[in-house]
There are 2 protein chains.
Amino acid sequence: MDKFELKLDQAARAAWLSYVGGRTQDEIASQLGVSRPGVQRLLALARQEGLVKVHIDHPLANCMVMSEAIVQRFGLDFCDVVPADPDAGDGDVHYLAVAGAERLARYLDRSDPLTLSLGTGRAIRAMVEALSRIDRPQHRFVSLVGNVARDGSSNRYDGVMVLADKTGAERFLLPAPVVASSLEEKQALQGQRLFQAVAEVARQAEAAFVGVGRIDRRATLFQDHFISEMELEELLGLDAVGELLGWPMNQAGEVIDCSITRRVTSLPLGMLRGQSLVALAAGRDKGPAILAALRGGWLKGLVTDESAARYITESENF
Amino acid sequence: MDKFELKLDQAARAAWLSYVGGRTQDEIASQLGVSRPGVQRLLALARQEGLVKVHIDHPLANCMVMSEAIVQRFGLDFCDVVPADPDAGDGDVHYLAVAGAERLARYLDRSDPLTLSLGTGRAIRAMVEALSRIDRPQHRFVSLVGNVARDGSSNRYDGVMVLADKTGAERFLLPAPVVASSLEEKQALQGQRLFQAVAEVARQAEAAFVGVGRIDRRATLFQDHFISEMELEELLGLDAVGELLGWPMNQAGEVIDCSITRRVTSLPLGMLRGQSLVALAAGRDKGPAILAALRGGWLKGLVTDESAARYITESENF
DNA sequence: TCTCTAGATGATCAAATGATCGACCCGAAT
DNA sequence: ATTCGGGTCGATCATTTGATCATCTAGAGA
């Protein structure tokens, strides 16, 4: 197959002239003495044979690679990976917040009425704070998670209030703790007209922005007293690795059925199947939790950072 | 200028999606949430800032770089650089011959009558031999250099005969030695009607394919007995480094005026100014001679190899 | 507060590119 | 010698890309 070698030689020449030299295919055609479609074919060959290596010389290049891989593997609509900020401290979610805010703004820009639902968490809160003020009185925002802790205090991280303030939109808060103290309390809460009304609005939401929670001693769920230490131990015993809206999941992303699950008041994940569920979560520590959410197939979009993305791509053997 | 950093980030993203991901600008636009012209600008920025590195993974890549540099530096119409063949021996001109033959074929393909002139040398001979047979009776080929040695033998490397045979074209040979033994002999030769007729045909040629000769003990001019040892010494004393059609040149490419020059019967180089003078020469040893021809501005095209091209690009500080 | 300027933005069009399709050529088998 | 199949080549068209220009916005200065 000496013929093939010659073709490759010429393909390399064409590729060089095109990609490095920046010539048009017409110029290359006359320089190489072939027709324009011929150059076309040579370039296709060069790419196909891997003669052309493109490298993007920017920290984001890695992020894009992982983003692409994650989108493909888990069938997402998008995955934004923000670079790891070397200056940032441990809990810094600024980059993540900005990236999330951009996604959020894409929805808000629309002029026709829109219903969006929000979860809780530092990331969600930071996202809405990173958003610039924009007048959108036609929109509606609704919380997917109760914003009252077991001790009666309000959830510090609820984003709906801030977002509605910034946009002048309507707000719907879920008047409940994330986890009821008993099955009866949960049923009583869910029986309230107000609760049902809010749930109905959430059902109509087009997209949902949620955080992803870890299940360990540093879990927000535990630190904010939504669950007790004993309950945490129970979850850990059942191999819970993360939670979405308070619903604990195992490694495979299946919601764990246990005493706590039965008392969670958040809207069921299945309800969001038809919506665009977008998760915001960053940091290698959150990796297992994010991966679980992905494996469960719950997510349509993900905004994360380089270290979490690396954990994910390294765990799933791509 | 934090604004600029953000732009660059996005430019990197766009570049990645475009060059690595192979998306269209429309897809990138919707993914990044900017307009299509916006993506355009981002990509332009990415290229301008050198974020995009393209590497052609083929031995020819180097050649193309040098080719480009030589074309630019010496204002050529083209410069083909063939890769150094690791298998090839010292005097192997096969690649060179094939590359030259391709250039030659580009001329021959034409259906309207064409007059081409040829110099001598191994490379020229190999070129016409590498050419595939093609019927072109309408063309005319003429030699620019006498094909008779001082001892009366015919020049082994004359290409016109072979070429005319292969194409069925008319042939015009210069009935003279390259270097006449005296000024009188030269004038006598040039006075011949036959000589003048051939010269006139050469004058009408559209392009000329010539070799480049070294001036040293291994010079073809000397080894084929066109000049004597004493004459060689004289040329070396005058800093001759190469020759075109028997005309010796110094490093700057100026034709050296000396006793030998005055007896050279080849057609004067100046006559070829309006034509496309294409030189074929390869090998690092020929570097100085080729460089001289280039510096003299005699050439419109060059077919050479990697080692000679390297010598040239390294000598001229690009 | 108004106006001016510089830069960004999006509509529009020309150029370049990729892809399809029919024509053609060469080699092989009958 | 002829015909068939595989592969290549170039004309043509739809898509994509690059560039220009008018418009708009933000910010500075009067």
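In what follows, chains carry the letters A, B, and so on, assigned in the order in which the sequence lines appear, proteins first and then strands, with residues in each chain numbered from 1.
Taking only side-chain nitrogens and oxygens, A:R23 never comes nearer than 4.0 Å to OP1 or OP2 of C:dT17. Taking 4.0 angstrom as the limit, B:Q25 places a side-chain polar atom (N or O) nearer than this to OP1 or OP2 of D:dG18. In terms of phosphate contacts, A:Q40 brings a side-chain nitrogen or oxygen within less than 4.0 Å of OP1 or OP2 of C:dG18.
With salt bridges taken as basic N to acidic carboxylate O contacts below 4.0 Å, one links A:R110 and A:E206. Look at A:E68 and A:R73 and you find no salt bridge, because none of the NZ, NE, NH1 or NH2 atoms lies under 4.0 Å from a carboxylate O. A salt bridge does not link B:R106 to B:E102: none of the charged nitrogens lies less than 4.0 Å from a carboxylate oxygen. Under a 4.0 Å N-O distance rule, the pair B:R136/B:E170 does not qualify as a salt bridge.
One interatomic measurement links the two molecules: OH of B:Y19 to C1' of C:dT17, which rounds to 14 Å at whole-angstrom precision. Computed from coordinates, the A:L17 CG to C:dA16 C1' distance equals 16 Å when rounded to whole Å. In this structure, B:Q48 atom CD and D:dG18 atom P are separated by 14 Å, rounded to whole Å. Distance CG (B:L42) to C1' (D:dA19): 16 Å, rounded to an integer number of Å. Atom CG of A:L45 is separated from atom P of D:dC9 by 12 Å (rounded to the nearest Å).
Interface residues of residues 26-36 of chain A facing DNA chain C, ordered by number: A:R36; criterion, heavy-atom separation under 4.0 Å.
At a cut-off of 3.5 angstrom, the base of D:dG18 holds no donor-acceptor pair with the side chain of B:R41.
Between the side chains of B:Q204 and B:R140, at least one donor N or O sits under 3.5 Å from an acceptor N or O. Side-chain contact check for A:T24 and A:D26: no donor-acceptor pair (N or O, by modelled atom type) lies under 3.5 Å.
Relative to the side chain of A:P37, the nucleotides D:dT17, C:dT17, D:dA11 differ in distance, and D:dA11 lies closest.
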